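For reference, the structure discussed in these notes is given below.
Order of the sequence lines fixes the chain letters, A, B, ..., with proteins taken first and strands second; residue numbering starts at 1 for each chain. Everything numeric in this text was worked out from a predicted model, so none of it was measured.
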Protein chains: 2
Amino acid sequence: MDQRSPRSAPKGPGRPVTLRDVARAAGVSVATASKALNDQGRMADETRERVRQAAKTLGFRPNGLAQSLSRQRSFTVGLLTNDTYGRFTLPVMAGIADALVDNGVSVFLCNIEDDPRLAQTHVDAMLEKRVDGIIASGKRIDRHLPVDLSNLGIPVIYAFTEPDPESIGFVSDDEAGARLAVEHLVRLGRRRIAHVTGPSSFRVVHQRAKAYRDVLREAGLEEPEQGVLTGQWTEGWGHEAAGYLFDGIGRPPDAVFCGNDQIARGVVDALRERGRRVPDDVAVIGFDNWEIVAAATRPPLTTVDMNLKDLGREAGLTLLQLVDRQPIEPGIRRLPCRLVVRQSCGTPPGG
Amino acid sequence: MDQRSPRSAPKGPGRPVTLRDVARAAGVSVATASKALNDQGRMADETRERVRQAAKTLGFRPNGLAQSLSRQRSFTVGLLTNDTYGRFTLPVMAGIADALVDNGVSVFLCNIEDDPRLAQTHVDAMLEKRVDGIIASGKRIDRHLPVDLSNLGIPVIYAFTEPDPESIGFVSDDEAGARLAVEHLVRLGRRRIAHVTGPSSFRVVHQRAKAYRDVLREAGLEEPEQGVLTGQWTEGWGHEAAGYLFDGIGRPPDAVFCGNDQIARGVVDALRERGRRVPDDVAVIGFDNWEIVAAATRPPLTTVDMNLKDLGREAGLTLLQLVDRQPIEPGIRRLPCRLVVRQSCGTPPGG
DNA sequence: CTGAAAGCGCTTACAG
DNA sequence: CTGAAAGCGCTTACAG
């Protein structure tokens, strides 16, 4: 298409320069040229240097396909995900890509959209392209991708999605994360803490509710009548729930632990509309640390961050170890969450 | 690692079966086996079928690296982006991936984070892996990625980012998109239409403002004193701007065209707090159709959708044509936007 | 209709 | 210290 500049510069069109060209230019065999460039074997420093120079001036770029073919390693991995618009997967993917790129491996993006056929297509493509391994990631930590990854003959890692038994998976520690939130509220002196969360079909809903109750009990606090309200992961539900909590006849809570930031925003907005001050009258805490909503809420939300990027990074690194045949204990790793303090709960005692 | 099940089933560990194994099993040469499986050349139907059977029962999966090496085509492309958390890039990427996967090509995800060094690293990696082409995508339509893609020797397409001169780029038609919005307002009978938008350092801010003014003029409408308010792309700015528009002494607008959905949400919230009804007293329209904010706004936002996924799909398809050496006219393609009617402007006359 | 051979561009024992 | 040779697993003219 683009035939200008027939110069022999490093870049530009024209048949790419091969190892053979380099060898010829340096006056050595291809074998020697290969070894020189890969720092393999012994040879006169002078020779090695001469080859390097030749490669450089010719703008040699090794053909990765050929390298992979003979090395039996493609320095490439497949990243499967069903989370197109990536609320959760995005940071996970970023972390994975980070870890891998740093180690010279490229990643194939495979969006499978919860479609088993599409998933299989992608897996087949990955296998044909001889990826060194696969990372499966998803939008729900308690659902398995609609594809069987158990007998592929290459290493597989699960990140933020339900892993196969006997495999290796990385997930967030939701119970510990919820503890972080509720303990923060307790520490700030709140005594009547409610919990507004998502649908009970989500496992995290139970894990977080359990932590919530555990912390209340440990603190000697009573669970309000309307202790745990399950609904949707939406602002709308946050609104509605605030109605139940604050428009009733019972004594209203002085703090609300929300299952995600959207719910929290709904609660905060509803509170403002009712003339209740956040955080003075009631403290509200979210979950996810979804910047775009946490930061836009008035006041900005204190919330729990699942450290998804770190989780992705860990997953990527672990896959690499597996590829290098290092023995890794199977099982699920629960990675810690982190509290992000903004203004919706007031200032902590020490700060 | 996983050495169980030494059966010769299609899946599972053990040295992968090669074309040679298939040929042997079918009693033909590798050459014939290859042709049989690729539907190349002439041969007895019976032979072809026999080879196919053998391949099937052995669970043969061609080694893509070897195929690519001899075919001089990797069926792989690189996708460069600087938009990690992907507000805009995400749908574009999804569209690209869609188009490519349908055509049997895999995509390498290259996140470059606005870092020239990282970008070069990725480009080098892509070149070594012999991608058939590259798609550059970004979060800003008026910025070039921090890397030179002009003399790579492989086709390059730009999607939602500033293209090189003489290259092929796909962008949204912001002027036409803005027209859609303002004409909608006019059609609904609004006479005093204001425009609250982002920073004037963005080219789209000027393009949309121009369209806004053009439509007003064409409709014989006057631009209010505070016609165009430039600020940030945030809810906060929407709030603030609403103050300027509605708390002053002048006659307030009866409609606000916002530069994005976040601003629109800020405006709507501010209006509600001032007791002004949307859409009855003032119609508000957004831009981007960012579901998560457009749908959560009360009332849900009427807005302009840039059809980013389609844009991505077009870009992917075009790259494929380029790879196939089809001649394509260089230049920028502006793809149309689409109006998404929800409730923040009221019901259109016909609906 | 089918196969032997060369080739894609590297790497890696193995000789010398 | 260096090179010839085989090999990675395919494809593709070219003979027969």
A/Gln120 side chain to A/Asp124 side chain, donor-acceptor N/O pair below 3.5 angstrom | yes

Euclidean distance, atom CZ of residue A/Arg42 to atom P of C/dC14 [Å, nearest integer] | 18 Å

Indicate yes or no: does B/Asp114 engage B/Lys139 in a salt bridge with an N to O separation below 4.0 Å.
-> yes

Look at B/Arg117 together with B/Asp115 and state whether they make a salt bridge at an N to O cut-off of under 4.0 Å.
-> no

Is B/Thr47 touching bases, backbone alone, or none of the nucleic acid, heavy atoms closer than 4.0 Å?
-> sugar-phosphate

Any chance the side chains of B/Ser150 and B/Asp148 put a donor and an acceptor closer than 3.5 Å?
-> yes

Heavy-atom protein contacts under 4.0 Å, nucleotides 5-12 of chain C, coded B base, S sugar-phosphate only, - none = --BBBBBB

Under a 4.0 Å N-O cut-off, is there an ion pair linking A/Arg50 with A/Asp45?
-> no

Which pairs would a plain distance check flag for residues 155-164 of chain A, meaning a side-chain donor or acceptor within less than 3.5 Å of a matching protein atom at least two apart in sequence or in another chain?
residue	atom	partner	partner atom	Å
A/Tyr158	OH	A/Asp164	OD2	2.7
A/Thr161	OG1	A/Arg143	O	2.9
A/Glu162	OE1	A/Arg203	NH1	3.4
A/Glu162	OE1	A/Arg203	NH2	2.9
A/Asp164	OD1	A/His144	NE2	2.8

Which pair of non-hydrogen atoms, one from A/Leu320 and one from A/Ala99, has the smallest distance, and what is that distance?
-> CD2-O, 4.3 Å

A/Arg52 and A/Asp39 ion-paired at < 4.0 Å | yes

Which dot-bracket notation, 5' to 3', represents the base pairing of DNA chain D when pairs are defined as Watson-Crick or G-U with both distances under 3.5 Å, crossing pairs as [ ], and inter-strand pairs as |?
-> |||.||||||||.|||

